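Because the structure is predicted, anything quoted here is derived from the model rather than measured. Both counts, for ligands and for their atoms, begin at 1 and track the order of listing.
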Amino acid sequence: MSKPSILVARAIFPEVLNQLQQVFDVDHNQDDVVMSPAELHARMKGKVGALTTGSERIDGPLLHACPGLKIVANMAVGYNNFDVDAMTKAGVLATNTPDVLTETTADFGFALLMATARRVTESEHFLRDGKWTKWSYDMFAGAEVHGSTVGIIGMGRIGQGIARRAAHGFGMQVLYHNRSRLSPELELECKSRYVDKTTLLREADHVVLVVPYSAASHHTIGANELAQMKPTATLINIARGGIVDDAALAKALKDRRIAAAGLDVFEGEPQVHPELLTVPNVVLTPHIASATVKTRMAMAQLAADNLMDYLLRGQTRTPINPEVCA
Ligand code: DGY
């Protein structure tokens, strides 16, 4: 009997690919060439399933061209590359990889906050450039982390992980803003206080963005919001490009409207706003918040398990639109 055909749209761990090859006829991309939408359409045709990452857009025209498609498993917790309504209408199950990356991503959020507040990369460049000739009292003096106030916008699992680290590990005051308020038990556990966005922006020493991308969260932070922040504050974005207006941020950093920023995600990535590359007071990383070997392996395995469970056993593990199976 012939095996069901699937596409693995980007390179993944060979051991996970191997598991998929045992049970599926796999069209893979271990050379990891990012496909254009036209290439993706062509390679997706005739497939019943696909394993994607954030770089593959699954939308109405693609679904129309691939009537046999049953499931697309994203190897990411975020799924702004999916048009979920169109997938649901087309009867295509969408899955993501929640939970397995929560703590690793929260670790990175904290690492970026620390590196930004304490000017780690700026001072390393100074040293590497041979500019370090003497110690001086104010050299790379940054912002305090312990005992300061962090404001978290987006208090899902990752936001809560950052809150726990901040409150319990660093004695920080934690403010948060979210679509819905946490239960009193969770607020207590995270030692977090719910506030409106304006209060958060005005009072936080460090603003951390962990909100999912949607039309509603586009430019959650723009010139207006940056103007409300303390001039000594830092801004950390580990959410998605587009949550911050990068042009407005570059200007605010240049004008020292805020002290510094730490960015793991960018509007139009892998392109980075050119002005962000010229300002010194920003720490830039290439979308690596979930990148530990263990966590990336767990994400790949969960995406593969989603494909195998659904296509071979009719079961779902981490569905985004479970109504498709009803
Ligand atoms: C996620 O899981 O959403 C990360 O940003 C990796 O894409």
Side-chain angles (χ1 to χ4, degrees), residues 7-13 16 29 32-35 40 50-59 71-84 87 93-113 115 152-162 178-179 208-218 220-221 235-244 246 261-272 283-307 317-321:
L7 173 71
V8 177
R10 296 288 306 277
I12 56 164
F13 293 94
V16 176
N29 179 15
D32 210 27
V33 178
V34 179
M35 294 182 209
L40 186 66
L51 192 154
T52 55
T53 68
S55 53
E56 289 75 45
R57 174 116 192 104
I58 307 299
D59 56 14
I71 172 173
V72 184
N74 219 29
M75 187 185 143
V77 66
Y79 49 85
N80 51 303
N81 56 315
F82 285 0
D83 181 339
V84 177
M87 291 176 80
L93 183 69
T95 67
N96 66 340
T97 58
D99 301 323
V100 293
L101 49 66
T102 301
E103 297 302 330
T104 301
T105 305
D107 279 351
F108 188 83
F110 221 85
L112 200 51
L113 189 161
I152 302 173
I153 300 186
M155 198 62 156
R157 287 165 284 215
I158 298 168
Q160 291 166 33
I162 291 170
N178 199 41
R179 260 180 321 182
V208 182
L209 304 171
V210 209
V211 70
Y213 183 81
S214 68
S217 63
H218 183 74
T220 295
I221 301 291
L235 176 73
I236 311 300
N237 186 8
I238 57 164
R240 275 291 181 272
I243 303 278
V244 174
D246 284 350
L263 307 173
D264 186 48
V265 287
F266 304 88
E267 284 190 291
E269 66 183 52
Q271 306 304 318
V272 175
V283 179
L284 307 168
T285 53
H287 202 146
I288 57 165
S290 63
T292 64
V293 177
K294 188 175 167 199
T295 293
R296 284 286 164 86
M297 176 60 109
M299 291 164 71
Q301 187 64 57
L302 181 52
D305 286 342
N306 269 306
L307 285 169
R317 217 172 256 243
T318 49
I320 296 163
N321 56 352

Could you measure the distance from the [atom1] atom of [X] to the [atom2] atom of [Y]? Nearest 0.5 Å is fine.
X      : Y      : atom1 : atom2 : result
Phe266 : Arg240 : CZ    : CZ    : 13.0 Å
Thr285 : Ile288 : OG1   : CD1   : 5.0 Å
Asn74  : Tyr79  : CG    : OH    : 10.5 Å

Original post:
Which one of Asp107, Thr104, Thr97 satisfies the side-chain hydrogen bond (donor to acceptor under 3.5 Å, both in side chains) criterion with Thr295?
Top reply: Thr104
**OP:** Answer yes or no: is there a donor N or O on one side and an acceptor on the other, between the side chain of Asn81 and the main chain of Thr53, under 3.5 Å?
**Re:** yes
Subject >> Under 4.0 Å from ligand 1 - residues by heavy atom, chain and number >> reply: Ala76, Val77, Gly78, Leu101, Arg240, His287, Met299
**OP:** Could you walk me through whether Ser55 and Arg10 pass side chain to side chain donor-acceptor pair (under 3.5 Å), step by step?
**Re:** CA-CA 9 Å; Ser55 53; Arg10 296 288 306 277; 2.8 Å; yes
